[in-house]
Number of protein chains: 2
Amino acid sequence: MNLTTKGKYAVTAALDLAMQQTIADGFTKISDVAKRQDIPASYLEQIFSRLRKAGILHAARGPNGGFKLSKQRDEVMIGEIITAVERNMDATQCSGEGICNSGTKCIAHNFWIDFNDNVNEFLMSRSLDDVITNRRGSVEQTGQALIATG
Amino acid sequence: MNLTTKGKYAVTAALDLAMQQTIADGFTKISDVAKRQDIPASYLEQIFSRLRKAGILHAARGPNGGFKLSKQRDEVMIGEIITAVERNMDATQCSGEGICNSGTKCIAHNFWIDFNDNVNEFLMSRSLDDVITNRRGSVEQTGQALIATG
DNA sequence: TAATTCTTGACTAATTTACTCGGGAACATA
DNA sequence: TATGTTCCCGAGTAAATTAGTCAAGAATTA
């Protein structure tokens, strides 16, 4: 399981975009987000690139360009953001393949599956809007699983 | 947040010890646990050393020596094991210090605190016995927090 | 004494993280 | 169409971390 600076920056930056869209409806520049949230701009480029490819953000080039959310802020789940940028959020030793002890499931396998489910549910039940308004998960889990649960 | 092979090996090895103690009441050798659970023995040495220093295991040297749990298997929480061996399980960007955005709390700070609490509760509510008998957390959270929650 | 088992610390290769850098492409405006 | 703006993309890299190995030593039992 990896939860790194990249994932945390991604969430922070997405929250920033969501908040900016409440103020004005246009695109927000990487450099502005970077400055406000204290994130290295060139690193944030990489992160936004991934979020765009995952369909979470929409980009526009040129003057007045930048990024905006593809959906409403109550429709974007934190879990989506994290899986889009993190290498691996799975907690099983075998990446869910059940081969953790010389080809068979290790004795902790089901425990880590449960752990995955728990993290999954937490991250997929909280939208950007929930976090901004300090709610603790109000929207139903809708889509696909964040982590393969074997 | 770091959940690495070390933490996963630690849980698996502790489960093995717990299961062995049901069979016989003596000490279990590192080499036996390593063989059964497919964990490098010299790496497991390091892991058991930490678990012993954390008071989770008790060791004996010499013939018939090895390791055993210091408590009953329904009293050892998975969370204890993981914090004993993992470098950092905190998910906040600032290690809970609230300085994630140039000296102040970043806009995601409270979210990561909630995430910590969630993981915390999950791991501290499951004992070795719960995992072995495939229960999903039966014992009350008793002790100190796994992760500082700011 | 000899064999066994933990104890400790040093060491290391490979991987990952957390970035930077530079050139290019699209777009808006004048 | 020239110019500045902003995203796009890939390559490169220093530092940290992971996932181990190895060897010498201490305690214990037979």
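In the text below, chain A, chain B and the rest are named by the order of the sequence lines, each starting its count at 1.
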- Query: Is any side-chain nitrogen or oxygen of A:Asn64 closer than 4.0 Å to OP1 or OP2 of C:dC27?
  - Reply: no
* Answer with base, sugar-phosphate or nothing: what part of the nucleic acid does A:Pro40 contact at a heavy-atom distance below 4.0 Å? => sugar-phosphate
Contact under 4.0 Å: A:Lys29 side-chain N or O vs D:dT6 OP1/OP2:
yes
So, does the side chain of A:Glu45 form a donor-acceptor pair with the base of D:dC9 at under 3.5 Å?
yes
(request) May I ask you to evaluate whether A:Thr4 reaches the phosphate of C:dT17, defined as a side-chain N or O under 4.0 Å from OP1 or OP2? (result) no
Quiz item: Within less than 4.0 Å of OP1 or OP2 of D:dA19, is there a side-chain N or O belonging to B:Tyr9?
Solution: no
Heavy-atom nearest nucleotide on DNA chain D taken for A:Ser42 and for A:Gln93; more 5' hit belongs to A:Ser42
Between the base of D:dT21 and the side chain of B:Gln46, is there a donor-acceptor distance below 3.5 Å? yes
For a quick test of reading the model: is some side-chain N or O of B:Arg52 closer than 4.0 Å to OP1 or OP2 of C:dT8?
yes
**Prompt:** Are B:Phe122 and A:Phe115 close enough that their ring centres sit under 6.0 Å apart?
**Reply:** yes
Does D:dC9 have its OP1 or OP2 closer than 4.0 Å to a side-chain nitrogen or oxygen of A:Lys53?
yes
Can you tell me if A:Arg87 touches the phosphate of C:dT16, counting only side-chain N or O atoms and a distance under 4.0 Å to OP1 or OP2?
yes
For a quick check of understanding: with a heavy-atom distance under 4.0 Å over all strands, which category does B:Phe48 fall into, base, sugar-phosphate or nothing? nothing
Lys/Arg N to Asp/Glu carboxylate O, B:Lys71 vs B:Glu80, below 4.0 Å:
yes
Note to self: Before we go on, tell me: are the rings of B:Phe48 and B:Tyr43 under 6.0 Å apart, centre to centre?
What the structure shows: no
